[in-house]
Enquirer: 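Submitted below is the structure of interest, expressed as structure tokens.
The structure displayed is predicted, hence computed values, not measured ones. Convention: sequence-line order gives letters A, B, ...; per-chain numbering from 1.
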2 protein chains.
Amino acid sequence: MDTAPAPDSELRVTAPHRELLDQVLDKWSLSVLNELCERPRRFNELRRAIPAVTQKSLTATLRRLERNGIIERELLSSRPVAVEYRITPLGKTLRRPVDVLLDWATDHMPEIERARRTFDTE
Amino acid sequence: MDTAPAPDSELRVTAPHRELLDQVLDKWSLSVLNELCERPRRFNELRRAIPAVTQKSLTATLRRLERNGIIERELLSSRPVAVEYRITPLGKTLRRPVDVLLDWATDHMPEIERARRTFDTE
DNA sequence: CAGTATCCGCGACGATACTG
DNA sequence: CAGTATCGTCGCGGATACTG
């Protein structure tokens, strides 16, 4: 090899990585994941659980997560039509990284807010 | 307590969490972090290291990370003007969560690509 | 060298209305 | 109930030009 890379541990931020993170960590995905990690939900259950999301955005989020194999959609053949969304085994593996990230955010939020105030007032 | 929450481990996706993740995991932040984790860099060093980024976006990314206390900007009083960016202790704590996330992405990329192909062809 | 200023396109997202 | 369709807004990010 010529360019002698990787000093300690590489971050490897490739285009596919970025695209994947954009799909999986987008605005509503974490909230949806949160709900579906507890138990399967129907569409309107999710709407009620995440009041700020619109139909359109929720549908888009669900499709995106389904396409990436994170969640599953099952059409229950009942009277008016019912759909159940549940997390897949692959989706469950995403939980740990997300938890680590949210723990980081929670732990360092005070420090970050201090940094912001300092930055904003000088 | 009344609403008996948290079945296993809660995800806690609050608005501040989302805002923070948006600031810290945005399009170019991971690449910048990657570079600055190795060693401090000057502005144009970063541009060369991340060829796809524009001046404007790089500047914006650096400001945002600086505001959140993730990186530091030092103005070196040399002849033409030199600026050095380096990661802060707080910034270093972000490394682990990001690594976990990227490892997840790397590990599951094949499975995810399979899921996408399946979804797209049916 | 390290930015700032300006213009602009494009995709994300919301609001609203309609449907099998 | 679980969507689709349409319209409109807004802001990110790119392209380009200029500056201390």
Side-chain angles (χ1 to χ4, degrees), chain A residues 13-15 17-33 35-36 39-68 70-86 119 122, chain B residues 13 15 17-33 35-36 39-68 71-86 119 122:
Chain A
V13 189
T14 68
H17 276 101
R18 265 258 54 104
E19 190 202 353
L20 180 51
L21 296 188
D22 286 342
Q23 304 236 337
V24 147
L25 298 183
D26 78 317
K27 187 167 183 185
W28 300 110
S29 292
L30 297 190
S31 300
V32 168
L33 244 20
E35 296 304 316
L36 297 189
R39 56 183 169 80
R41 307 275 182 151
R42 306 245 301 260
F43 186 80
N44 281 346
E45 273 188 287
L46 287 171
R47 288 194 71 186
R48 280 189 295 274
I50 314 166
V53 74
T54 62
Q55 280 174 328
K56 181 183 168 184
S57 296
L58 181 55
T59 303
T61 301
L62 292 169
R63 288 293 171 281
R64 199 160 35 229
L65 292 177
E66 189 192 358
R67 187 173 106 91
N68 285 276
I70 306 298
I71 67 173
E72 255 173 5
R73 187 185 119 109
E74 186 185 358
L75 202 130
L76 309 170
S77 304
S78 52
R79 316 84 56 173
V81 150
V83 176
E84 197 172 78
Y85 292 93
R86 72 169 60 83
F119 184 93
E122 70 188 10
Chain B
V13 189
H17 275 101
R18 265 257 54 102
E19 189 202 351
L20 180 52
L21 296 188
D22 286 342
Q23 304 236 337
V24 148
L25 298 183
D26 77 317
K27 186 166 183 185
W28 299 109
S29 292
L30 297 191
S31 299
V32 168
L33 243 20
E35 296 304 316
L36 297 188
R39 57 183 168 80
R41 307 276 182 150
R42 306 244 301 260
F43 187 81
N44 280 345
E45 275 188 286
L46 287 172
R47 288 195 71 187
R48 281 189 293 275
I50 314 166
V53 74
T54 62
Q55 279 174 326
K56 181 186 169 183
S57 296
L58 181 56
T59 303
T61 301
L62 291 169
R63 288 293 170 281
R64 199 160 35 229
L65 292 176
E66 188 193 359
R67 188 174 107 90
N68 285 277
I71 66 172
E72 256 174 4
R73 187 186 119 108
E74 188 185 356
L75 202 131
L76 309 170
S77 305
S78 53
R79 316 86 53 175
V81 150
V83 177
E84 197 173 78
Y85 292 94
R86 72 168 62 82
F119 184 93
E122 68 187 13

Enquirer: Starting at the 5' end of DNA chain C, which residue's closest nucleotide do you reach first, A/Val53 or A/Val81?
Expert: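 It is A/Val53 whose nearest nucleotide is closer to the 5' end.
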
Enquirer: Could you tell me the Watson-Crick or G-U partner of D/dC12, where both distances fall under 3.5 Å? Say none if there is no partner.
Expert: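 Because both required distances fall under 3.5 Å, D/dC12 counts as paired with C/dG9.
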
Enquirer: Quick check for you: name the first and last nucleotides of DNA chain C, 5' to 3', having an atom under 4.0 Å from a heavy atom of chain B.
Expert: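 Range of nucleotides touched by chain B: C/dC1 to C/dC7.
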
Enquirer: Rounded to the nearest Å, what distance is computed from the CD atom of residue A/Gln55 to the C1' atom of nucleotide D/dA5?
Expert: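 Going from A/Gln55 (CD) to D/dA5 (C1'), I get 11 Å.
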
Enquirer: Looking at D/dG13, I'd like to know if its phosphate oxygens (OP1 or OP2) sit under 4.0 Å from a side-chain N or O belonging to B/Thr54.
Expert: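 False: B/Thr54 side-chain N/O out of range (4.0 Å or more) of D/dG13 OP1/OP2.
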
Enquirer: Does the side chain of B/Asn68 come within less than 4.5 Å of A/Phe119's, by heavy atoms?
Expert: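 No, too far: nothing below the 4.5 Å cut-off.
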
Enquirer: From the options A/Thr61, A/Val53, A/Leu36, select the one residue that forms a side chain to side chain contact (heavy atoms under 4.5 Å, CB included) with A/Leu46.
Expert: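 The option that passes is A/Leu36.
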
Enquirer: Just how far, in rounded Å, is P of D/dA5 from CZ of A/Arg63?
Expert: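 Atom-to-atom, A/Arg63 to D/dA5, this comes out as 11 Å.
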
Enquirer: Treating A/Arg18 as the side-chain partner and B/Asp26 as the backbone partner, does any N or O pair qualify as donor plus acceptor under 3.5 Å?
Expert: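 Looks like yes, one N/O pair under 3.5 Å.
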
Enquirer: Looking at B/Tyr85 and B/Arg73, what are the two nearest heavy atoms and their distance?
Expert: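 The answer is CE2-CG, 3.4 Å.
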
Enquirer: Mind listing the closest non-hydrogen atom pair of B/Val24 and B/Leu30 along with its distance?
Expert: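 For B/Val24 and B/Leu30, the tightest heavy-atom pair comes out as O-CD2, 4.3 Å.
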
Enquirer: On the nucleotide D/dT6, are OP1 or OP2 found under 4.0 Å from the side-chain N or O atoms that A/Lys56 carries?
Expert: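 No, outside the criterion.
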
Enquirer: Find the distance between CD (A/Gln55) and CG (A/Asn44) and round it off to the nearest 0.5 Å.
Expert: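 The distance works out to 7.5 Å.
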
Enquirer: Strictly by Watson-Crick or wobble contacts shorter than 3.5 Å, is anything paired with D/dG20, and which nucleotide is it?
Expert: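 In the structure as shown, D/dG20 has C/dC1 as its Watson-Crick or wobble partner.
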
